[in-house]
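A short worksheet on the structure shown next.
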2 protein chains.
Amino acid sequence: MLVNPKPSEAGQSTHDKVYRTLRARIMHGEILPGKSLTLRGVGKEFDVSMTPAREAMRRLVAEGALSMSLSGRVSTPELSNERLEELAAIRALLEVELASRALPRAHMALIDRLQSINSGITEQVVKQDGAGYIRANLEFHRTLYLRAQAPAMLAMAETVWLQIGPTMRALYSRMRRNEPPHNHRLIIAALKAGDEPGLRLAVRMDVTHGLRHLAT
Amino acid sequence: MLVNPKPSEAGQSTHDKVYRTLRARIMHGEILPGKSLTLRGVGKEFDVSMTPAREAMRRLVAEGALSMSLSGRVSTPELSNERLEELAAIRALLEVELASRALPRAHMALIDRLQSINSGITEQVVKQDGAGYIRANLEFHRTLYLRAQAPAMLAMAETVWLQIGPTMRALYSRMRRNEPPHNHRLIIAALKAGDEPGLRLAVRMDVTHGLRHLAT
DNA sequence: ACTCCCAATTTGTTATGGCAGTTGGCTGCG
DNA sequence: CGCAGCCAACTGCCATAACAAATTGGGAGT
């Protein structure tokens, strides 16, 4: 290991691969809330030393994707009811604005793309694949918001997605998901019609929906 | 250095002190945009090794307070005109909501406090102290938003403040700041009157203001 | 059977050193 | 005088090891 530190490959540095992998897992809800991660454990899994593992995990902590106890122990966060509602409110704020900004730039090619993603979502629903559902759902939103040409706002929205990932997945299990993405259809319809108020409402509902199934 | 690693004092770990100090400097605009920071340089300044320096700097990069080149070099960001406007739009979104949520809980004690901070701002203006002005200004906003009982939203707003810190300070220099905080007075008046639309408008103006002085 | 306590293990923190890529200035040529 | 190419210093990345705190588990005592 001393001989070949493998400095920079095609992609990025070592910790970046760890970071991206963990980030995707968390955002898609592949890790349950409360699961604790250790530096040496993550390092061993990715076959790196503690240093890049620490790097990746601390970055995720900074983004709110992981939470850290006072002693430095790191785990996926268990969100309180209040916090989850607050994060949903932030999503509503940001994503309504993103959708609104994307509206004037939404051509037919985009709408086709969204419809295609939407049928992909339905697939994941029938397969009962929670992580796949979340991934496809986020792809729908990201595809739309990319048109807003507002990278900082989109990044901020993704940070929120990251924070709610594990909890959303846990919620997914307990709600009987048989419904196809109704709100997404409303979004697409509003895009076609150029109906901004309708679009804002549909996005807000889609984002706020799914929080009415809590017991805490 | 090997003998006394000084593990954990009253406060937090070593990197945390570095982080907090740097963070405050950046948020208050004490560092100009484009200034580059090195691991060994920061480490030497705080009399620590590269490891905690790296920790703190990477965390700030993750929060958008610092930007990193492809080679890993870290510097304070130089924001484009578009990005600055986008960040201001995010501020408007979040802070209008925060103020609105704080309104029903704003009692006289809070308003007194805000007025006191406000006169402190005027002091900084006559002293021509840019960093002091920014610090007092942010304290005004934070004091108000704390009443909103929305920690995630407040944290997100602070992240934006962090990103615009150096640029705001650079802008401060080139705009002749003789005006006392007019918009803050409007905010206070709206709070007293319980006027929510007026409050939202005043906050939006205060947050959006100050971006009309760009040349880029 | 339950509680308390201590020791072994786990885990995070930091300093250090070697390695590789980057940078900036300097030399030498046109 | 200007520019290309090169070299030395600088800088970041990672593995490793020593250390301290926290956690855990079992054993002793009641």
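Treat the numbers as computed from the prediction; the structure is a model and nothing was measured. Chain letters run A, B, ... following the sequence lines, proteins first and then strands; every chain starts at 1. All heavy atoms count here, side chains included; hydrogens, waters and symmetry mates do not.
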Looking at A/Met156, A/His141, A/Arg204, which one forms a side-chain contact (heavy atoms from CB on, under 4.5 Å) with A/Arg91?
->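 Between A/Arg91 and the candidates, side-chain contact (heavy atoms from CB on, under 4.5 Å) is satisfied uniquely by A/His141.
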Would you mind classifying the nucleic acid contact of [X] as base, sugar-phosphate or nothing, using non-hydrogen atoms under 4.0 angstrom?
{"X": "A/Thr51", "value": "base"}
{"X": "B/Leu39", "value": "sugar-phosphate"}
{"X": "B/Leu70", "value": "nothing"}

Which listed nucleotide ([options]) is nearest to the side chain of [X]?
{"X": "B/Arg54", "options": "C/dT23, D/dC14, C/dT11", "result": "D/dC14"}
{"X": "B/Arg40", "options": "C/dT22, D/dC14, D/dC13", "result": "D/dC13"}
{"X": "A/Ser13", "options": "D/dA15, C/dT22, D/dC14", "result": "D/dC14"}

When you check the gap from the basic side-chain N to the acidic O, do B/Arg135 and B/Glu139 get nearer than 4.0 Å?
->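 B/Glu139 and B/Arg135: not salt-bridged.
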Would you please name every residue forming a side chain to side chain donor-acceptor pair (under 3.5 Å) with A/Gln163, sequence neighbours left out?
->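 By the side chain to side chain donor-acceptor pair (under 3.5 Å) rule, A/Gln163 matches no residue at all.
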What's the [atom1]-[atom2] distance between [X] and [N], to the nearest Å?
{"X": "A/His15", "N": "D/dA15", "atom1": "NE2", "atom2": "C1'", "value": "15 Å"}
{"X": "B/Arg59", "N": "C/dT13", "atom1": "CZ", "atom2": "C1'", "value": "15 Å"}
{"X": "B/Met50", "N": "C/dT13", "atom1": "CE", "atom2": "P", "value": "18 Å"}
{"X": "B/Arg73", "N": "C/dA20", "atom1": "CZ", "atom2": "P", "value": "16 Å"}
{"X": "B/Tyr19", "N": "C/dT13", "atom1": "OH", "atom2": "C1'", "value": "18 Å"}

Under the 3.5 angstrom rule, does the side chain of B/Ser13 hit a backbone N or O of B/His15 as a donor-acceptor pair?
->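 Between the backbone of B/His15 and the side chain of B/Ser13 there is no qualifying donor-acceptor contact (under 3.5 Å).
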Kindly calculate the angle separating the two end axes of the helix from C/dA1-D/dT30 to C/dG30-D/dC1, each obtained from five base pairs, and round it to 10 degrees.
->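 Inter-axis angle at the termini of the helix from C/dA1-D/dT30 to C/dG30-D/dC1: 10°.
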Report yes if at least one side-chain N or O of A/Ser49 is closer than 4.0 Å to OP1 or OP2 of D/dA15; otherwise report no.
->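 It does, given that an N or O in the side chain of A/Ser49 lies less than 4.0 Å from OP1 or OP2 of D/dA15.
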Would you say B/Thr14 reaches C/dT14's phosphate, i.e. side-chain N/O to OP1/OP2 under 4.0 Å?
->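 Looking at the OP1 and OP2 atoms of C/dT14, one of them is under 4.0 Å from a side-chain N or O of B/Thr14.
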Upstream residue (5' side of DNA chain C) when A/Val74 and B/Val48 are each assigned their closest nucleotide |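 Its nearest nucleotide being more 5', the pick is A/Val74.
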Answer with yes or no whether the side chains of A/Glu95 and A/Tyr145 bring together a donor and an acceptor at under 3.5 Å.
->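 Short answer, yes.
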Using the ring of each side chain (for Trp, its six-membered ring), is A/His184 parallel, tilted or perpendicular to A/Phe140, with breaks at 30° and 60°?
->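 Geometry flag for A/Phe140 against A/His184: parallel rings.
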